[in-house]
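Structure first, then comments.
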Amino acid sequence: MKYAVIGTSWITEEFILGAQLVEGMELLGVYSRSYSKGKALAEKFGAPRVFVDLRDLARNADVEAVYVASPNSLHYEQSKLLLQASKHVLCEKPITVEPEQLAELQTLAAQNGKVYMEAIMYMFNPVRPKLKASMQALGNITSAHFDFSQLSSKYPAYKRGENPNIFNPAFATGCLMDLGIYCIYPALDLFGMPKSIWSTASFLESGADGNGTTVFKYDNMLLTMTWSKLAQGFCGSEIIGDGGTVTIDSISQLNGIRFCRKGGEPVEVVGETEKHIIMSHEAQAFLDFATMPEETAEQYKEASQMALRVSTVMKEIRKLSGIKFN
């Protein structure tokens, strides 16, 4: 499948490296508003085409699929244009800002026989079944805590008085949209929709949320989630039962998973895997969904439904926390 990418950031490079591990994925072009940036990335990875007009990319008959890694606020309009042009679309998280936009584009993709998929490592990580299996020994699970606190590389620039995209509400960004989503995916996948939600956030002067806390209440369990772009966390995440505890070093990549029992030594369930390798699994799923629709219909349906549930819950969290975009 010949594909192009939108965006020239580090995440685009990680995806390309991951896609290089997938037989059948061929990078054809790079889109960027800056020709020099697009050309530099294209030359780095051997892509023959550079696009500076998105309509030219959409009209190019050789491009079968597009990986979208633009600012969040552009995901909807760019994905819609590409789907209307009969391209398969793999869009970085969050796939759209509003769940209503996602539902609209999922319908459009289905009508055109194309794949529209959120690029989220969790859903396609082969470690996911291992995590679920490790939870079977936990007994009665009464609490869990998921954390993704990662000091942003853009925070020093913000403190100098600049306004990077990630801290600019005009781009529909902020901590929930960037990091919190990595906690919400496993929360809904492992425990389902909560009975109720409580949420709060702290804000920068720009109006962006810099960190936040959300609690999901279930019948017999509380799940607390924290995220921050203003400080680096090291404690990781954990799922706690009366039979033991599962600890997770990285909730986003599902790295460093261990089973711990009171009085015993921790048992490693999963070690460490490089990010581009983890991203290769979402690239593989994208290719499979596009080229083997009948064989992968159930998995594609699950991924699509989960993306919509996550988007719906994130909208509620924004409402409860007072997160607004310009």
Side-chain angles (χ1 to χ4, degrees), residues 1-7 11-29 45 47 57 60-69 75 78-80 82-96 102-103 105-133 181-182 185-186 188-190 252-255 270 273-311:
M1 181 167 70
K2 296 178 180 179
Y3 76 99
V5 297
I6 292 178
I11 193 65
T12 304
E13 293 199 25
E14 288 290 318
F15 175 79
I16 294 172
L17 288 171
Q20 287 178 339
L21 302 177
V22 179
E23 185 177 354
M25 294 284 287
E26 178 185 347
L27 180 62
L28 187 66
F45 291 102
L57 170 57
N60 190 290
D62 293 329
V63 175
E64 301 171 90
V66 181
Y67 168 74
V68 179
H75 287 182
Q78 290 180 343
S79 296
K80 185 173 183 177
L82 295 167
L83 289 170
Q84 288 174 331
S86 293
K87 311 295 185 190
H88 299 290
V89 175
L90 175 62
C91 186
E92 260 304 328
K93 55 77 191 169
I95 189 168
T96 58
L102 175 54
L105 296 191
Q106 286 179 337
T107 298
L108 175 60
Q111 290 172 343
N112 289 350
K114 298 300 172 183
V115 169
Y116 179 48
M117 172 182 142
E118 186 165 37
I120 184 78
M121 291 182 289
Y122 175 83
M123 285 299 292
F124 310 101
N125 195 326
V127 170
R128 181 176 160 222
K130 296 180 182 179
L131 172 60
K132 292 183 176 182
I181 188 172
Y182 286 112
Y185 254 97
L188 297 185
D189 181 48
L190 299 176
S252 63
Q253 300 183 47
L254 296 185
N255 276 337
V270 174
T273 303
E274 293 181 73
K275 188 165 188 173
H276 75 278
I277 296 176
I278 299 173
M279 293 185 74
S280 74
H281 301 302
E282 66 187 38
Q284 182 69 66
F286 182 52
L287 176 66
D288 291 345
F289 292 161
T291 59
M292 300 186 297
E294 293 184 4
E295 297 90 333
T296 60
E298 284 303 312
Q299 186 185 8
Y300 179 56
K301 179 180 178 181
E302 178 193 29
S304 299
Q305 290 177 341
M306 181 61 74
L308 189 56
R309 283 196 291 269
V310 168
S311 183

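What you see is a predicted model, and the numbers here were worked out from it, not measured in a lab. All values below come from the heavy atoms of this structure, side chains included, with hydrogens, waters and symmetry mates left out.
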For the residue pair [X] and [Y], establish whether any side-chain heavy-atom pair is separated by less than 4.5 Å.
X	Y	result
Leu254	Leu131	yes
Thr273	Asn255	yes
Val66	His88	no
Lys132	Asp189	yes
Leu82	Val63	no
Tyr122	Gln253	no

* **Within 6.0 angstrom of Gln84 CD, more than 12 heavy atoms from elsewhere** => yes
* Should we count NZ of Lys130 as having more than 12 external heavy atoms under 6.0 Å? ->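 Not more than 12 within 6.0 Å, no.
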Look up atom [atom1] in [X] and atom [atom2] in [Y], then write down how far apart they are to the nearest 0.5 Å.
X	Y	atom1	atom2	result
Lys93	Ile11	NZ	CD1	7.5 Å
Ser252	Ile181	OG	CD1	12.0 Å
Cys91	Phe286	SG	CZ	10.5 Å

With sequence neighbours left out, what residues match [X] under salt bridge (Lys or Arg N to Asp or Glu O under 4.0 Å)?
X	answer
Glu302	Arg128
Glu92	none
Lys275	none
Asp288	none

* To do: Could you tell me which non-hydrogen atom of Met1 sits nearest to which non-hydrogen atom of Ala65, and how far apart they are?
  => SD-CB, 3.7 Å
List the atom pairs, with distances to 0.1 Å, where a side-chain N or O of residues 113-121 and a protein N or O form a donor-acceptor pair under 3.5 Å, not counting sequence neighbours.
{"unit_1": "Glu118", "atom_1": "OE1", "unit_2": "Tyr185", "atom_2": "OH", "d": "2.4"}
{"unit_1": "Glu118", "atom_1": "OE2", "unit_2": "Ile95", "atom_2": "N", "d": "2.9"}

Using a 3.5 Å cut-off and no angle test, enumerate the donor-acceptor pairs between side-chain atoms of residues 14-24 and protein atoms at least two apart in sequence or in another chain.
{"unit_1": "Glu14", "atom_1": "OE1", "unit_2": "His276", "atom_2": "N", "d": "3.2"}

